[in-house]
Amino acid sequence: MSSSYDWWAREGHKGTPVVVKMENPNWDMVELEGPSDDDFLLSPDPISRRDKVRNKNARQLTWVLLLKAHRAAGCLTSIAAAALGLASAIRRRVASGRTDHHDEPESPELATSAEYALEAENPALKSRFYSCIKVFLWVSVVLLGFELAAYFKGWHFGASSAQWQYLLAAPLGMNMKDLFNLLYSKWVLIRAGYVAPPLQFLANVCIVLFLIQSLDRLVLCLGCFWIRLKKIKPVAKPDLADPESGQPGYFPMVLVQIPMCNEKEVYQQSIAAVCNLDWPHQSLLIQVLDDSDDLTTQLLIKEEVEKWQQEGANIVYRHRIIREGYKAGNLKSAMNCSSIEDYEFVAIFDADFQPTSDFLKRTIPYFKDNDEVGLVQARWSFVNKDENLLTRLQNINLAFHFEVEQQVNGIFINFFGFNGTAGVWRIKALEDAGGWLERTTVEDMDIAVRAHMHGWKFVFLNDVECQCELPESYEAYRKQQHRWHSGPMQLFRLCLPAIIRSKISFWKKFNLIFLFFLLRKLILPFYSFTLFCIILPMTMFVPEAELPTWVVCYIPATMSFLNILPAPKSFPFIVPYLLFENTMSVTKFNAMISGLFQLGNAYEWIVTKKSGRSSEGDLAGLVEKDPNENKSGISVPDLVEIQEQEQRRASRKKHNRIYMKELSLALLLLTASARSLLSAQGLHFYFLLFQGISFLLVGLDLIGEQVQ
């Protein structure tokens, strides 16, 4: 009997010691001891023994609760610190007083770049769009006041209810209460009979456009899936023998052009990468097309070219005295040189692009024995895609553009928009299309459309990459997107008659007009801004007009999921990506309208600011490379200096700004979210709330590069 009781007592105390570690320096490591020998002594009083065990368990529970409380306090401390940091950043933005109306260039070089900012934005035209947003904002604030008052008075009715008719029949009294009753009843009547029908019609139109564009995106994704499933890719004829071996090979004359303008942060790395292209020296000519108007930048670039000339590179420096026509004018001027008459192909690299040494060997073979190919385009990769949230979101967009849009169009219809860089053109195709024209700010898309109308085919290589960098500040990204969305509308107005008169097939005309221009360049920014930034918040104040839940939530989430598939590592950013795309619709819509109707800033060209980042691994590889192993006889000067320059970038005066259009839309959406909360619209409330916060963060310039 005694032994069995002893066994029961030991089982009751069975367990292992518990160690509680407190991270706070004011706490020490405490070990909760296991059962002691005294616990196993038989006590004549069972009640006292049970009380002793209960007290020990209570102490253990107390320590566990203290640990959880400590962790919760640490979490709250982190949230509080983040909130204080955000409040400090907001205070600095407001105190600086710099808004998007202070649109001076970011650097002295850009301030003097008259040709690349040809036409300053008219203040009257710039404020017109902002004024329209403010009208919607003030209307929403007034309506929210009405709805709050009606909510607290207990009026929950719509146009179909008869309660408002009773209010209309009530006589007008002499006090403010009766006046409010009359005004609110009149508003219910007006919104039901005159505001809701056109708003619902516009919403239905945008929903139809949204569905068409979503279907187009789904078809593109299915095409990309089919390409991967069947492992479809362009086929080249590998006939590039080593010229030093004495065997015949395909090494045509190739011209390489590097257009640049006041880009002293990146000129060294781009020139170094191009001069290390693995191609016969006698078949390669490099042109550095410098449009800089800053004298210091000109001297630096010219000195770099001379250093490579001394190393044996076949490289020349060109500077235009009359700088007209932006980048297209620069390229056009270089193509008129008599020294390039014998060259068959031209490769173009912007100043921040760094092709690998085998770039030409992986692209030129696609032209061999295929006289219909006019362009071979390589994919971009980014050295700073993980720099901040803005670069991560840009990487998602561009990964979808190259992996899906460019690849699918290149495989199935042999046409896509030239990306302006990291591509090789057949010079005969350029001449056949009419050469470079300065009539728009998207000279790359212009030459591609004209070449397509003359029957030339394009090849996109998804497995050939060329490194470059993404804009790290929202200001630089916003100006880049303005040019990219204004230029296509300029080109559409100019090219539409030529497309209709061209001799290409009906399907190619339909693809150019409806899919390439209207659907992907005009309809997309139109419905994104109108549907989610104007119509959706307005339907909160006009409940007779409705947007279905699947339009607000399910389809946008599905489209964002499809967009992020080419960049699977970015899945944690799917929600910020969805919100940011809607936020950027303001800039894209404004640019689209400016280009379509030729408003004051339609031809604004500002060179995208570069930070000078490059791939340290590639630079290290160039440094370690033996100059004698270079096929073209070119060594690598001063690459160590390039690496050192990467680590000690010259300090530049920068600042963050406040963007008034985005802030106004943030207040509009947050006001609408408050109204949706009154009517208990769950998904609409959360969407408007988070979208409003997204506009707020962008409006305060908290998404990109931060200047302390």
Side-chain angles (χ1 to χ4, degrees), residues 208-224 227 234 328 372-377 400-420 423 425-426 428-460 483-528 588-589 591-598 602:
V208 172
L209 297 177
F210 182 29
L211 292 176
I212 295 174
Q213 198 274 334
S214 300
L215 180 62
D216 172 65
R217 185 141 302 191
L218 179 61
V219 170
L220 288 173
C221 290
L222 291 176
C224 182
I227 291 172
E372 294 181 343
V373 174
L375 166 68
V376 175
Q377 173 72 58
F400 180 86
H401 169 69
F402 288 109
E403 181 87 13
V404 180
E405 293 178 339
Q406 297 291 76
Q407 183 174 213
V408 171
N409 289 322
I411 291 293
F412 291 107
I413 62 177
N414 299 120
F415 168 72
F416 48 82
F418 175 46
N419 293 117
W425 276 95
R426 190 188 296 271
K428 183 180 178 181
L430 292 177
E431 295 173 347
D432 191 27
W436 298 103
L437 298 180
E438 309 97 325
R439 55 182 181 173
T440 70
T441 58
V442 284
E443 74 294 328
D444 45 9
M445 185 181 295
D446 188 0
I447 191 67
V449 170
R450 287 185 281 118
H452 179 59
M453 288 191 292
H454 283 78
W456 292 96
K457 295 182 179 180
F458 301 164
V459 174
F460 177 76
R483 186 174 78 248
W484 286 5
H485 287 81
S486 174
M489 290 298 97
Q490 305 168 22
L491 182 61
F492 178 64
R493 296 175 73 255
L494 296 171
C495 281
L496 182 59
I499 295 174
I500 296 175
R501 294 193 305 265
S502 64
K503 298 180 180 180
I504 58 177
S505 64
F506 172 79
W507 159 246
K508 290 184 177 180
K509 291 181 181 179
F510 174 81
N511 175 67
L512 272 177
I513 296 175
F514 181 72
L515 295 179
F516 186 75
F517 279 113
L518 291 181
L519 186 60
R520 297 166 188 165
K521 303 297 188 297
L522 189 149
I523 291 177
L524 178 58
F526 171 78
Y527 85 74
S528 296
K588 297 175 182 179
F589 178 83
M592 182 267 294
I593 294 297
S594 299
L596 188 62
F597 297 103
Q598 302 295 289

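Basis for what follows: all heavy atoms, side chains included, without hydrogens, waters or symmetry-related copies. For this chain, numbers begin at 1 and follow the sequence in order.
Not one N or O on the side chain of R450 forms a donor-acceptor pair closer than 3.5 Å with the backbone of C495. Judged by distance alone, the side chain of R493 and the main-chain N or O of L596 form a donor-acceptor pair under 3.5 Å. Between the side chain of E443 and the backbone N or O of T440, no donor-acceptor pair lies under 3.5 Å.
In this structure, I212 CD1 and L215 CG are separated by 8.5 Å, a value rounded to the nearest 0.5 Å. The structure places CH2 of W484 at 12.0 Å from OG1 of T441, a figure rounded to the nearest 0.5 Å. The CD1 atom of I227 sits 11.0 Å away from atom CG of L222, with the distance rounded to the nearest 0.5 Å. Once rounded to the nearest 0.5 Å, the distance linking CZ of F597 with CD of Q490 reads 13.5 Å. Taken from CE in M489 to CE in M592, the straight-line distance is 7.0 Å, to the nearest 0.5 Å.
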Pairs under 3.5 angstrom only: tabulate donor-acceptor contacts from the side chains of residues 404-416 to other protein residues two or more places apart or in another chain.
residue, atom, partner, partner atom, Å
E405, OE1, H401, ND1, 2.9
Q406, NE2, G417, O, 3.0
Q406, NE2, N419, OD1, 3.0
Q407, NE2, E403, O, 2.7
N409, ND2, E405, O, 2.9
N414, ND2, G410, O, 3.2

For residues 507-526, run the donor-acceptor check on the side chains, cut-off 3.5 Å, and write out each pair with its distance to 0.1 Å, sequence neighbours left out.
residue, atom, partner, partner atom, Å
K509, NZ, I500, O, 2.9
K509, NZ, S502, O, 3.1
R520, NE, D216, OD2, 3.2
R520, NH2, D216, OD1, 2.9
K521, NZ, F516, O, 3.4

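The side-chain hydrogen bond (donor to acceptor under 3.5 Å, both in side chains) search around R426 returns none, not counting sequence neighbours. Listed by chain and residue number, nothing satisfies the ring-ring contact (aromatic ring centres under 6.0 Å, His included) test with W456 (two or more places apart in sequence, or in another chain). Under the salt bridge (Lys or Arg N to Asp or Glu O under 4.0 Å) criterion, D432 pairs with no residue at all, not counting sequence neighbours. For F506, there are no side-chain contact (heavy atoms from CB on, under 4.5 Å) partners two or more places apart in sequence or in a different chain. Shown here are the salt bridge (Lys or Arg N to Asp or Glu O under 4.0 Å) partners of K457, two or more places apart in sequence or in another chain: E372. Remark: F210 pairs with Y527, F532 by the ring-ring contact (aromatic ring centres under 6.0 Å, His included) rule, at least two apart or across chains.
Shown are D444, V442, D446; of these, the side-chain contact (heavy atoms from CB on, under 4.5 Å) with F418 is made only by D444.
Of all the heavy atoms in F400 and C221, the pair that sits closest is CE1-SG, 3.7 Å.
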